[in-house]
Amino acid sequence: MPAELSPTDMAKSVAANRAADHVMNGMKVGLGTGSTAAWLVRRLGERVRDEGLRIRGVPTSTRTAAQAREEGIDVITLDEAGWLDLTIDGADEFDSDLTLIKGGGGAHLQEKIVARASDRMIVIADAAKKVATLGAYPLPVEVIPFGMNSTRKLIEAALAGMDVDGRETSLRMTEGAPFVTDEGNHIIDLHLERIGDAAKLAAALNQIPGVVENGLFIDMCDLVIVGHADGAVDLHQVKVDLHQVKQDSA
Ligand code: 5RP
């Protein structure tokens, strides 16, 4: 590990290293995208080289695919894998239900497909990603280029009926042009400030023609590992309602 890491990078690497311990020989692993996921790919590469760890990785972006190959990880497509044992990815926000906002790096479409095709999803994060209420981070919505302005108007109309505090939208730009995802689409960021009902919002957005996928990950994450600069980690899991479990099994 480089000697001079910022506290945030230290926290991200600590979370990534702990998550890498969950990866076992023979596993098919979804590899997330972003600066935290990059620490994971790096650590898995070390384990492949140093311990002879045998895994196959399914990357969630061209960036992650390139890094995984450089690290010597065996890269396969999701269709070649069929199903995954585990996906490990970063997040922009998570709440106490482990509902996530993802897509800050513009990869949430592939990330959601890969996470959904996995037995388990572990999120790795620094403490700044934990929120009481989702929505301070803009919610990314991937849209196809055709009719993008009409799609944006329909998104804004849908927001009028939603329990949110902000309704501004913006087309994500990079170097003066609309950002283009790995799938050739664009991203409209929703500046909602507070999301009152994530499930209702996600369903409404995904019903709009032209919307490919929104960045809300609901009931997908099993464990969040939060790293800290001093090397400590916190584990966040969904609380199980034991009373409900007893009733269900009665
Ligand atoms: C990419 C993502 C990332 O996981 C998310 O943006 C977090 O990134 P980082 O680890 O760099 O903070 O969803 O689409």
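When a ligand or atom number is given, it counts from 1 through the structure's own listing order.
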Proximal ligand 1 atoms for G106, defined as those under 4.0 Å from one of its heavy atoms: 14 (O)
Look at R172 together with D189 and state whether they make a salt bridge at an N to O cut-off of under 4.0 Å. yes
NZ or CZ of K102 within 45° of F217 ring axis and under 6.0 Å: yes
State whether a side-chain donor-acceptor pair under 3.5 Å links S61 with D182. no
When distances are taken from atom 10 (O) of ligand 1, the protein heavy atom at minimum range is T36 OG1, 2.5 Å
For A107, the ligand 1 atoms with a heavy-atom partner under 4.0 Å come out as 14 (O)
What atoms of ligand 1 come within less than 4.0 Å of a heavy atom belonging to G90? 4 (O)
State yes or no: are the ring centers of H186 and F179 separated by less than 6.0 Å? no
Nearest non-hydrogen contact with atom 13 (O) of ligand 1 belongs to which option: P140, A125, A91, G103? G103
Quick one about Q237 and D222 (side-chain donor to acceptor, distance below 3.5 Å, no hydrogens or angles considered), yes or no? no
On a heavy-atom basis, I'd like to know which of G32, G34, S35 is closest to atom 11 (O) of ligand 1. S35
Looking only at the side chains, is there a donor atom on one of T133 and R194 sitting less than 3.5 Å from an acceptor on the other? no
Numbered in order shown, the ligand 1 atoms found under 4.0 Å of a heavy atom of D92 are 5 (C), 6 (O), 7 (C), 13 (O)
N-O pairing of E156 and K153 below 4.0 Å: no
May I ask you to identify the nearest protein heavy atom to atom 12 (O) of ligand 1, giving residue, atom name and distance to one decimal place in Å? K129 NZ, 2.7 Å
Scan side-chain atoms only and decide if D234 and H228 contain a donor-acceptor pair under the 3.5 Å cut-off. yes
Determine, considering heavy atoms only, which of R63, E111, H108 sits nearest to atom 2 (C) of ligand 1. E111
Check each atom of ligand 1 against the heavy atoms of D89 and keep those under 4.0 Å away; list them by number with element. 4 (O)
Under 4.0 Å from a heavy atom of T33: give me the atoms of ligand 1 that qualify, with their elements. 1 (C), 2 (C), 3 (C), 4 (O)
